[in-house]
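Step one of this worksheet: look at the structure below.
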Amino acid sequence: MKIKAYYDVVIIGAGPAGMAAGISCYDNKASTLIVEREERIGGILKQCIHDGFGVIEFKEKLTGPEYSERYIKIIKDKNIPIITKTFVLNVEKKGNFKLTLINPKEGIFNIETKALILANGCRERTQKQIFIHGSRPSGIFTAGTAQYFVNILGYLPCKRCVILGSGDIGLIMARRLTLEGANVIGVYEAKKHPSGLIRNISQCLNDYEIPIILSHTITKIIGDDRVKAVEISEVNEDMEPILGTEKIIECDGVILSVGLIPENEIAESLNIDIDKRTKGPIIDQNFMTSENGIFSCGNALHVNDLVDYVSESGRYAGLSAARYINDNYERKFISVEKSLKDFAYIVPQYIDIKSIKDKVIFYFRSMDIKENVKIYIKCGENIIFHKKYRYLRPPEMERIEINLDKELIKGEKSIEFIMMEG
Amino acid sequence: MREIICILCPNGCYMKVANTNDKWIIKGNLCTKGRKFAIDEIKNPKRTVCSTVKTRYSKVPRLPVKTDDDIPKEYIFPLMKLINKVVINKPIHSGEIIIEDVFKTGVNVITTSDLFYLLGTEEDG
């Protein structure tokens, strides 16, 4: 493929968000290029060999590779331009955006684009970010790295391990390592509640009698060349270890599943506004960031629990980017207000009232576990949406789709999300 | 009465299941699939098994596979032993059967990724 000097839209990342964004840009007649740093496209789905993907998007239960290869097939059939093994070094705003890229074939080269979609996913928190004491022997892996070793390379990274944190990948890996013959001693979670989805607790831990120990954390890693043991302590309400509760557990591996953070190196280099709660860019309903022409979607925007919504956000970001290049508009924002004690976050954070065309999708998470609550969306004195929820749980992202009436919203400064008991 | 979490979809319904006088009383399920899952879960719990098999290609050392339907839970570890004996010697597509009718359940183990694509070879190449 010959790389052109200019594209209407460049998408960074060819995981589920970037692939969906690329397809929708292309379908909406924008000249499109997808840039991927890895040799193979598909993002993290390549190593997520378990099933449960696509229940919303395809109405069937697929494994990660099956889900991603459906999108890869569409991209190949439509012949959408894509360059792999290519890394974005720099993005500069000079009227259009000037990208500096590098790959083994071209060396360093430039591309100009009118719109840029950031679909570069998230990263795992590492040992360094959670401050565990002790030495630094081998045998400590993030859950994603362990997953890569087992599922892509075919190596078993440990034979007897503990898992720190109850994020979904940690739970999935507890089952996977067990199936491959490792002994998973337990999942230790510092919080009072599991971080992962309930169905994963059920099918990954309960099925294999792997215990989950809440309000406990690793306070020390022991071992010189290789992990020999960990010290586990109970933690108090403020998640501080309680002296005297230490227990030594012998093991040869520690798997970390302590959270994911959107990757925003490029967004930050462009001084794009970041939401402290999501740790991703602040966007409007068109997935456009605070910088005109830059869009964000998927896990780069906020960490999702379902890939189906990652694809959905990519699709809308792609559509919006294609509209943007044809229809260079000015924006006028009203904010999406919420109570910070009820909502962990709501995306989008702003509504651009000038470009309201069709439905608006909101994604949100509750701050705590709630039972029997109602969510209202208010615009001035009008309630424009309400729904009852049996449960709201922080690990489970919720999605609301509404039709915003342009006339109704005119003259308002904000719309407000309200959570009420009963 | 038993408490069961449905694993069929992201809703993860929390169900209470009881069997009185041969009648199933199930509460908490949002759909009819949940009812069937709850009854199966008590009578004969089943799971889909996902794993990988060895290939002879250094570029793609493992190929992902799954059972094309759920199998009884007690077959999971015996099946893992079978799966770990398989070696793929030629490029195959996604969805091809690599172990047929496991333990006479009628369930097959199939590939879930396209080895032609992963190896970057054309079909006839």
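Here is the naming used below: chain letters follow the sequence lines, and residue numbers restart at 1 for every chain. All values below were derived from every heavy atom in this structure, side-chain atoms included, with hydrogens, water molecules and symmetry-related copies excluded.
- Across all their heavy atoms, A:K61 and B:T48 have their closest contact at NZ-OG1, 4.3 Å.
- Put simply, the side chain of B:N11 does not reach to within 4.5 Å of the side chain of A:Y391, judged on heavy atoms.
- For residues 191-202 of chain A, the interface with chain B (any heavy-atom pair closer than 4.5 Å) comprises A:I198, A:R199, A:S202, sorted by residue number.
- At a 4.5 Å heavy-atom cutoff, the contact between A:R390 and chain B is made by side-chain atoms alone.
- Heavy-atom neighbours of chain A within the stretch residues 50-67 of chain B, taken at a separation under 4.5 angstrom, comprise B:C50, B:S51, B:T52, B:K59, B:P61, B:R62, B:P64, B:K66.
- Contacts between A:K46 and chain B at a heavy-atom distance below 4.5 Å are absent for every atom of the residue.
- For the pair A:T178 and B:F77, the tightest heavy-atom approach, listed with the atom from each and the gap, is O-CE2, 3.6 Å.
- For A:Y208, the part lying near chain B is the side chain, with the backbone staying farther off; criterion is any non-hydrogen pair under 4.5 Å.
- Counting non-hydrogen atoms of other residues, nucleotides and ligands closer than 6.0 Å to CD of A:E401 gives a total above 12.
- Heavy-atom contacts from other residues, nucleotides or ligands closer than 6.0 Å to OH of A:Y155 number 12 or fewer.
- Pairs engaging residues 69-93 of chain B under the salt bridge (charged side-chain N to carboxylate O under 4.0 Å, His left out) rule: A:D207-B:K73 [sequence neighbours left out].
- Neither the backbone nor the side chain of A:I172 comes within contact range of chain B; no heavy atoms are under 4.5 Å apart.
- Heavy atoms closer than 4.5 Å to chain A are found nowhere in B:I4, neither backbone nor side chain.
- Note that CD1 of A:I72 is 9.5 Å distant from CG of B:D114, once rounded to the nearest 0.5 Å.
- Residue with the most contacts toward chain B among A:L62, A:L306, A:D308: A:L306 (heavy-atom pairs, distance under 4.5 Å).
- Ranked by non-hydrogen atom pairs under 4.5 Å with chain B, the options A:H50, A:R176, A:R40 are led by A:R176.
- Closest heavy-atom contact between A:Q203 and B:I7: OE1-CD1, 3.4 Å.
- Proximity to chain B (any heavy atom under 4.5 Å) is restricted, for A:E39, to the side chain, taken from C-beta onward.
- Close approach to chain A, defined as a heavy atom under 4.5 Å from one of its heavy atoms, is seen in B:T112, B:S113 of residues 104-113 of chain B, taken by number.
- Using a 4.5 Å cut-off between heavy atoms, A:E66 contacts chain B through both its backbone and its side chain.
- Ranking A:T63, A:V55, A:I56 against chain B, the residue ahead of the rest is A:T63, based on heavy-atom pairs under 4.5 Å.
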